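Letters go in sequence order (proteins before strands), and every chain restarts at 1. Everything numeric here is computed off the predicted structure, so don't read it as measured data.
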There are 2 protein chains.
Amino acid sequence: MPRPSTPLLSPDRIRSVALAIIDRDGLDGLSMRKLAAELGVQAASLYGHVRTKDQLLNDIASSILSTVDVSGFTVDWREGLIRCARSYRAALSSHPNIVPFLAYGPAGREESLQRLDLLHGALVDAGWSRREATMIAAGLMYIVFGSALSSFSSGFSSDPADYTDRYPHLDRAHLLPGVARELDRDSFELALAAFVRGLQGLCRGPDRDSRA
Amino acid sequence: MPRPSTPLLSPDRIRSVALAIIDRDGLDGLSMRKLAAELGVQAASLYGHVRTKDQLLNDIASSILSTVDVSGFTVDWREGLIRCARSYRAALSSHPNIVPFLAYGPAGREESLQRLDLLHGALVDAGWSRREATMIAAGLMYIVFGSALSSFSSGFSSDPADYTDRYPHLDRAHLLPGVARELDRDSFELALAAFVRGLQGLCRGPDRDSRA
DNA sequence: CCGACTAACCGAACAGTGTTAGGTTAACTC
DNA sequence: GAGTTAACCTAACACTGTTCGGTTAGTCGG
């Protein structure tokens with residue numbers, strides 16, 4: 001089957017099918033051969049459209065993170081932080097299986113840096129010092145990424161009965177998939193609210209002019 | 001070389017050399033063949049002492065996390081949270097290359113659950129509701145794990161000059177290894193302090209009887 | 001219309017991975 | 001001293017990401 005009339009492959013199609021496989025079978029469930037098979041093609045053909053598997057994963061990650069919205073700073077920095085974090089979390093939790101890949105180090109993830117830069121600039125504009133802004137942005141990322149990977153729903157929700165007797169304080173109910181998802185969201189919201197709330201008064205902060 | 005007079009291998013020795021390789025060459029730098037070679041042995045011989053590579057990594061992770069101290073709750077829950085988080089972070093940042101493995105889901109990491117159970121119990125004893133205690137413990141883990149992997153020092157510290165012009169708000173200094181480490185620690189401390197500080201007043205909390 | 005060229009795919013291979021089966025021999029037990 | 005076990009080995013299996021050299025469909029220049 002040499003050069004079909006209409007091309008079977010395109011970077012977009014490859015990315016989209018790859019992401020579907022990751023969502024379905026997990027990060028380790030994606031192999032170039034399986035991806036090729038699912039595209040009706042041999043593995044070698046992929047390399048005409050994709051430089052390497054790692055690059056493919058990076059592109060997928062970037063496209064997921066590109067849905068993150070950092071434009072909530074028009075109101076005030078608190079709202080901005082909260083909206084940004086929620087948007088980040090929404091992006092990550094829509095494709096949780098790719099999160100472990102992100103853990104391998106963004107190195108030069110272009111989009112992430114740009115967003116971080118924007119976030120940082122907004123905080124500085126709000127009156128925080130450059131160093132404070134950096135640390136606050138980092139702290140926000142801690143909560144976002146931490147909640148994306150050490151979540152209850154994906155963490156340990158196989159057989160609740162196993163845990164009940166060995167860990168008396170942990171509630172069995174936490175491990176039911178439905179409750180776990182809700183608990184994840186509430187834990188995230190709690191951590192986020194506590195973090196933002198705890199910020200003021202810790203450093204000198206910007207509140208002398210931008211807000212009472 | 002069949003059955004040497006004194007055994008070359010033991011689970012402990014395997015774990016320790018494996019961890020050394022991970023620390024030196026990264027998580028992907030560890031292969032069973034390389035590990036065996038470094039132990040003066042063939043790869044197959046490892047499987048007499050270790051069930052599988054994944055199990056080996058789990059054991060290593062557990063042994064690292066076993067140094068975490070959750071016994072700071074005798075003073076009060078705030079101190080307890082802070083000490084626990086610091087201890088956790090210290091454990092993780094002493095072997096940062098294994099953190100991505102942890103991201104693949106603890107599933108049944110025994111030790112983690114036990115520690116979580118203890119933490120949870122301490123919070124309940126301090127007066128928080130069970131659900132609140134769960135969410136607070138989760139939030140603490142967010143900050144700990146988030147700081148362990150989305151750190152500045154491991155994140156993007158290759159060539160500062162690349163970033164400076166493209167991201168005007170980000171300071172070049174952040175990317176120098178020495179500064180990055182310090183910045184990581186300060187960011188963690190800030191996030192932790194803000195989180196703990198922000199907790200009181202958010203939920204009803206335990207402060208009516210245990211503290212003013 | 002026809003030749004040159006390129007783009008898209010394929011088959012086969014390479015070096016590497018985790019893991020297992022079956023063999024060899026030293027050390028321990030009775 | 002025989003039998004058993006424990007510790008290692010060699011060889012292989014099924015996989016992985018990736019590359020090389022082919023084969024052909026489409027496209028462009030003359």
Quiz item: What is the distance, rounded to the nearest whole Å, between atom CG of L46(B) and atom C1' of dT20(C)?
Solution: 13 Å
Quiz item: Of the candidate nucleotides dA7(D), dT19(C), dA8(C), which contains the atom at the shortest distance from the side chain of H49(A)?
Solution: dA8(C)
Practice problem: Give L56(A) one of three labels, base, sugar-phosphate or nothing, depending on what nucleic acid heavy atoms sit under 4.0 Å from its own. | Solution: nothing
Practice problem: Locate the shortest heavy-atom distance separating F195(A) from A191(B); write the atom from each residue and the value. | Solution: CE1-CA, 3.7 Å
Quiz prompt | Taking every non-hydrogen atom, the tightest pair across A61(A) and I98(A) | solution = N-CD1, 4.1 Å
Would you be so kind as to tabulate the donor-acceptor pairs closer than 3.5 Å made by side chains of residues 23-38 of chain A, with sequence neighbours excluded?
residue : atom : partner : partner atom : Å
D23(A)  : OD1  : H95(A)  : ND1          : 3.0
D23(A)  : OD2  : H95(A)  : ND1          : 2.7
R24(A)  : NH2  : E38(A)  : OE2          : 2.2
D25(A)  : OD2  : K34(A)  : NZ           : 2.9
S31(A)  : OG   : K34(A)  : N            : 3.1
K34(A)  : NZ   : G29(A)  : O            : 2.8

Quiz prompt | D12(A)/R15(A) salt bridge by N-O under 4.0 Å criterion | solution = yes
Nucleotide N/O of nucleotides 11-13 of chain C paired with protein N/O under 3.5 Å:
residue : atom : partner : partner atom : Å
dA13(C) : N6   : R33(A)  : NH2          : 3.1

Quiz item: If every non-hydrogen atom of A91(B) is compared with every non-hydrogen atom of T67(B), which pair is closest and at what distance?
Solution: CB-OG1, 3.5 Å
Practice problem: Round to a whole Å and report the spacing from CG of L27(A) to C1' of dT16(D). | Solution: 14 Å
Quiz item: Would you find a donor on one side and an acceptor on the other, under 3.5 Å apart, between the side chain of S93(A) and the backbone of R89(A)?
Solution: yes
Exercise. State, without any angle test, whether D69(B) and S71(B) hold a side-chain donor-acceptor pair at a distance under 3.5 Å.
Key: yes
Quiz item: How long is the line joining CE of M32(B) and P of dT19(C), in whole Å?
Solution: 6 Å
Quiz item: Considering all heavy atoms of both residues, which atom of Y88(A) and which atom of V144(A) are nearest to each other, and what is their separation?
Solution: CB-CG1, 3.6 Å
Practice problem: Round to the nearest Å and state the distance from I14(A) atom CD1 to dG17(D) atom P. | Solution: 14 Å
Self-check item: Separation of dG18(C) P from L35(B) CG (nearest whole Å)
Solution: 9 Å
Quiz item: Tell me: CG of D28(A) to C1' of dT16(D), nearest whole Å?
Solution: 11 Å
Quiz item: If an axis is fit to five pairs at each end of the helix from dC1(C)-dG30(D) to dC30(C)-dG1(D), what is the angle between the two, to the nearest 10°?
Solution: 0°
Quiz item: Rounding to a whole Å, what distance do you find between L39(B):CG and dC8(D):P?
Solution: 10 Å
Exercise. Please state whether the phosphate of dT18(D), meaning OP1 or OP2, lies under 4.0 angstrom from any side-chain nitrogen or oxygen of T52(A).
Key: yes
Quiz item: Applying the side chain to side chain contact (heavy atoms under 4.5 Å, CB included) test to L149(A), which of F145(B), Y142(B), Y104(B) qualifies?
Solution: F145(B)
Quiz item: What's the OH-P distance between Y47(B) and dG22(C), to the nearest Å?
Solution: 18 Å
Quiz prompt | Given DNA chain C, 5'-ward residue of the pair K34(B) and R51(B), judged by closest heavy atom | solution = K34(B)
Exercise. Can you figure out which of dG18(C), dA8(C), dT16(D) approaches the side chain of K53(B) most closely?
Key: dG18(C)
